[in-house]
Amino acid sequence: MVAPSLRARVRAGMIDEIKAVARRHLATDGANLSLRAVARDMGMVSSAIYRYFPSRDDLLTALILEAYDALGDAVETADAAVDQADLRERWHAACRAARAWSLAHPAEYALLYGSPVPGYAAPDDTVAPAQRPPLTLVGILRDGFAAGRLQPPAEEVPEPLRAEVAELGALLSVDLPPALLARGMAGWTQLFGLISFELFGRINRTLPHRDEYFDHQINLMADLIGLPRSAG
């Protein structure tokens, strides 16, 4: 029993080391990973790394899964740490956590939300981890609507967008009016647009007070969605 357990620990350690080296390559070379380059940095013959990751895509998938889960953990933890009845503060906490994680892990963020990697198609097992951050934000809408504290906007959602929004709601297992879910989608895309513009240097010269700008923008998003302001 001891030998297999030891082998398993050694293998797990090697996999962790390979991923750590690969993350350093992401930071310097982007998502154009080379298994040979990773093996070279580890002092391995190139053929040895294939015992752990059969292809570059397998290594990319492992990094993507870890990144989505880390981002999901950050957003979910931030949401759970505040008063669940305060919908606006939950929104603020989740948005700030997404930004903080992204700024601390720019290479991983770029892997998730940057330009697609040529020749790479994410497998189905990345779908559930990718849904964790938006599900946290959709959960705020769901809780507010269920409590009668968040009303759908009056505008009609035109076809075919209405059907597509309904399909998205079914995919996320939430029963929300299409107009409300569409507002939530607008907030979600605006959030990651903000993060991307900051992370990729699009606003850094023109808006040096980026913390204040970010808070201002997510407050505007909360107004758009209809999240109630606290009584104070």
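Residue numbers run from 1 in the order of the sequence given. The model shown is predicted, which means the values in this text are computed figures rather than measured ones.
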Under 3.5 Å donor-acceptor, [X] side chain and [Y] backbone:
X: Trp101; Y: Gly72; value: no
X: Arg88; Y: Leu227; value: yes
X: Asp86; Y: Glu89; value: yes
X: Thr126; Y: Ala122; value: no
X: Asp69; Y: Glu66; value: no
X: Thr136; Y: Arg132; value: yes
X: Arg183; Y: Gly226; value: no
X: Thr189; Y: Ala186; value: yes
X: Gln84; Y: Asp79; value: yes

Flag the pair [X] / [Y] as yes when at least one side-chain heavy-atom distance between them is below 4.5 Å, and no otherwise.
X: Trp188; Y: Pro133; result: yes
X: Leu168; Y: Val174; result: no
X: Leu35; Y: Ser46; result: no
X: Leu59; Y: Leu33; result: yes
X: Leu60; Y: Leu111; result: yes

Roughly how far, to the nearest 0.5 Å, is [atom2] of [Y] from [atom1] of [X]?
X: Lys19; Y: Phe53; atom1: NZ; atom2: CZ; answer: 5.5 Å
X: Leu26; Y: Thr28; atom1: CG; atom2: OG1; answer: 8.0 Å
X: Leu199; Y: His105; atom1: CG; atom2: NE2; answer: 12.0 Å
X: Cys95; Y: Ile140; atom1: SG; atom2: CD1; answer: 7.0 Å
X: Met221; Y: Ile218; atom1: CE; atom2: CD1; answer: 6.5 Å

Stepwise side chain to side chain contact (heavy atoms under 4.5 Å, CB included) test for Arg142 and Asp175: CA-CA 8 Å; Arg142 179 198 60 222; Asp175 186 13; over 6 Å; no
Check against side chain to side chain contact (heavy atoms under 4.5 Å, CB included), Met14 and Met44: CA-CA 11 Å; Met14 285 297 296; Met44 301 169 63; 3.8 Å; yes
What are the two closest non-hydrogen atoms of [X] and [Y], and how far apart are they?
X: Ala78; Y: Ala93; value: CB-O, 3.5 Å
X: Leu71; Y: Ala98; value: CD1-CA, 3.9 Å
X: Val165; Y: Ala182; value: CG1-N, 4.2 Å
X: Thr61; Y: Pro123; value: OG1-CD, 3.5 Å
X: Ala67; Y: Glu108; value: CB-CB, 4.0 Å
X: Gly187; Y: Ile225; value: CA-CD1, 4.4 Å

Worked verdict on Asp215 versus Arg96 for salt bridge (Lys or Arg N to Asp or Glu O under 4.0 Å): CA-CA 8 Å; Asp215 281 352; Arg96 289 172 183 146; 3.1 Å; yes
Applying the 4.5 Å side-chain criterion to the ILVMFWY set and letting contacts propagate, would [X] and [Y] be lumped into a single cluster?
X: Leu171; Y: Leu135; result: yes
X: Leu224; Y: Leu191; result: no
X: Leu220; Y: Leu141; result: no
X: Val82; Y: Leu137; result: no
X: Val127; Y: Met185; result: no

Val38 vs Ile49, side chain to side chain contact (heavy atoms under 4.5 Å, CB included): CA-CA, chis, key distance, verdict: CA-CA 8 Å; Val38 172; Ile49 200 169; 3.7 Å; yes
Trace of the side chain to side chain donor-acceptor pair (under 3.5 Å) decision for Ser55 with Asp58: CA-CA 5 Å; Ser55 70; Asp58 291 305; 2.8 Å; yes
Between [X] and [Y], does any side-chain N to carboxylate O distance fall below 4.0 Å?
X: Arg24; Y: Asp41; value: no
X: Arg229; Y: Asp223; value: yes
X: Asp143; Y: Arg149; value: no

Chi angles and distances behind the side chain to side chain contact (heavy atoms under 4.5 Å, CB included) call for Gln131, Leu172: CA-CA 8 Å; Gln131 289 178 347; Leu172 298 174; 4.2 Å; yes
Summary of ring-ring contact (aromatic ring centres under 6.0 Å, His included) pairs that have at least one residue in residues 113-165, sequence neighbours excluded: Tyr109-Tyr113, Tyr113-Phe192
Residue among His209, Arg210, His216 satisfying side-chain contact (heavy atoms from CB on, under 4.5 Å) with Glu212: His209
Within 45° cone of Phe214 ring axis and under 6.0 Å: Arg99 NZ or CZ: yes
Results of ring pair (Phe, Tyr, Trp, His ring centres under 6.0 Å) for His92 - residues two or more places apart only: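 In terms of ring pair (Phe, Tyr, Trp, His ring centres under 6.0 Å), with neighbours along the sequence ignored, His92 is linked to no residue.
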Arg202 CZ: over 12 foreign heavy atoms closer than 6.0 Å: no
Within 6.0 Å of CG in Asn32, more than 12 heavy atoms from elsewhere: no
